[in-house]
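So the structure is just underneath, and the comments pick up after that.
Sequence positions, counted from 1, serve as the residue numbers for this chain.
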Amino acid sequence: MALSGLCVLAYVVVVYGDRLATRSYLDEASLQAGSALRLTVSALSGHLSRYEPLPALIADHDDIKELVSDPDNAALVEAANLYLKEINALLESSDIYVMTMDGSTVAASNFESETSFIGENFSYRPYFQDAAKGGQSRFYALGTTSLKRGYYFASPVHVGEAIRGVIVFKVDIDTIETFWRGGEYKILVSDPEGIIFMTGSPEWLYSSLLPLSPDRLERTQASRRYAEAVLKPLPLKHGELGSHTLMTIADGGSAREYLVLSQYMPQADWTVSVLMDTSSVRSQARTMLIAVVLFFCLAGLALAIVLQRRTRAAERLRMQIEARNELERRVEERTADLALVNRQIELEIAERRLTEQELRKTQGDLIQAGKLAGLGQMSAALSHEFNQPLTAAKTYADSAAMLIDRGRVEEARDNVQRISRLVDRMAAISRHLRNFARKPNEKLGPVPIETVVGDTLEIVAARLKSADARLDIDLGSQPLWVQAGSVRLQQVLVNIITNAADAVEGLEDRRIELVGRAQDGKVILTIRDHGPGVPAAISERIFDPFFSTKGVGRGLGLGLSISYNIIKDFGGGLSVSNKVDGGAEFRIELDGALPAQEAAE
């Protein structure tokens, strides 16, 4: 009876144990795939957000406005083509082009290529139709002329109160897929009709996850989203195990089962999916099940030996020897299995380390994308700063012309000198913004604090003005030099001062104080605001990546994390504390350095 009970229990374990073990391992795999999905969505959002404000900025350019007002003017067309080509090369985008209200392309950055957009009519594209109505439009598709996939940003060109044209900014997305190939997970992006638009597996491109019904094909053809590409259904079957969604895909004559996690991106109108091969999960579940079954087998064998000892005393010794030999054999087999499993685990560890390196690189690109997104917001605020000196320069130029006509040359020369100083001012602002946007690749050396602070002011002046904040600077009577990198140290000060401006905006006391002092071979910089301070509950997490107390759309939560790591790279320290009389104080401690000339001597 006992032996039959063990057999029944072993049968139950075999029937139900595999399902329970597989579900347990799928829960663990789902957590890992979820992290990969969140990182992928963040990387896609960061890549697209860096370009979103740019079409509206370019549409405000005088050359573009003049072109859409007089599209048949050859000189204006040539000037616009050269300008768009220069901007396209600077921003590393795919294409930039301008269309009149009938959808005809009159200027493009690729005007010199064989696949130039000039003369093409794209009025059937939804991004043109939405922008022509005055909205900021986004659209992703396969180019009908270039046959290259891209994400399109479109903005109307206003001339006075009227819309005279549309400017389109196309972003190449091929580079994103290169990070998805050969990894542990298969990543794909599908549109609302279920058609795969981006994937690390080229054989799945333009395949449909949903049935290709006539309605779906008609909607897709209406916008010519995929040009002449052949759409095909992806041979798959859906399944479920507990709360997990499974998908079996026939690939190359064999079928593979995947664990599927998906997330919808509302702004891009995409669905991002991460697929994880379940073969390793089921293999682990089977291994555990075999171990359990082996345990019951051993228990049954022991019970059989006990029963046999009762009935045949003469056979007891022989049965014990056979059982011992059988146990040793099974232990050897199990040991061999464990050795094989250990080798598999070592291979998985090596693969995970490679994946971790790729994720770190992706995070670095995301940080740079966050900087450029912040730069786009900053450039919109600084456009007012450029307009004022441009208006003044125009006034001085008109005045100088009148003075020359009247023979008052000295007064006209004075006006020209004023115009020159205004141009120098705008060039300085542009130079600092360009340095701030560029990825740093500088060596550490002696850096003057006064120069870095001056360059920082060029960048944060617009933010301080918009927040109506006042920055008080006290660097002492002696020049301060530190061992650091000029551009990266400037980036740290920009991040902290900008956060301080956000903290005091709308308050009665909007002072921000920057103090620098030398102390025991170190240089201490403190930036203090009079805002609400840092709550104790988050003070330990404030330097973590992607942690932000700001609202949605007001930052990626990377500024302080970037600053902390930059100061750490310099061999210094960055900390934050609350002042007794209110406000937060950030403290930067760096190694002091000799001035550049003295160090060379």
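Pairing each heavy atom of Ser116 with each of Asn110, the nearest pair is CB-O, 3.2 Å. In terms of heavy atoms, Ile167 sits closest to Ala59 at CG2-CB, 3.6 Å. Heavy-atom minimum distance, Leu67 versus Ala80: CD2-CB, 3.5 Å. Closest non-hydrogen pair, Ala400 versus Asn415, comes out as N-ND2, 3.6 Å.
The shortest side-chain heavy-atom distance between Leu493 and Ile588 falls under the 4.5 Å cut-off. Using a 4.5 Å cut-off on side-chain heavy atoms (C-beta onward), Asn121 and Thr105 make no contact. A 4.5 Å side-chain heavy-atom check between Leu188 and Thr271 finds every atom pair outside the cut-off. Side-chain contact between Leu464 and Ile512 is present, with heavy atoms from C-beta onward closer than 4.5 Å. Side-chain atoms of Ile449 and Val447, non-hydrogen and from C-beta on, never get closer than 4.5 Å to each other.
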Query raised in the report: Step by step, would you call Tyr151 with Arg138 a side-chain hydrogen bond (donor to acceptor under 3.5 Å, both in side chains)?
Result: CA-CA 7 Å; Tyr151 199 88; Arg138 300 164 62 135; 3.0 Å; yes
Requested in this report: Verify salt bridge (charged side-chain N to carboxylate O under 4.0 Å, His left out) between Arg488 and Asp569, making sure each step is shown before the conclusion.
Outcome: CA-CA 10 Å; Arg488 287 191 289 169; Asp569 289 343; 3.7 Å; yes
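In this structure, the side chain to side chain donor-acceptor pair (under 3.5 Å) partners of Glu513, at least two apart in sequence or on a different chain, are Arg511, His530. In this view, Phe117 and Tyr97, Phe122 satisfy the ring-ring contact (aromatic ring centres under 6.0 Å, His included) rule, not counting sequence neighbours.
Once rounded to the nearest 0.5 Å, the distance linking CG of Asp455 with CD of Gln491 reads 13.5 Å. Rounding to the nearest 0.5 Å gives a distance of 7.5 Å between CG of Asp529 and CZ of Phe586.
Salt bridge status for Arg463 with Asp502: present, with a side-chain N to carboxylate O gap under 4.0 Å. Between Arg470 and Asp472, at least one side-chain nitrogen of the basic residue sits less than 4.0 Å from a carboxylate oxygen of the acidic one, meeting the salt-bridge criterion.
Side-chain atoms of Ser155 and Gln136 include a donor-acceptor pair closer than 3.5 Å.
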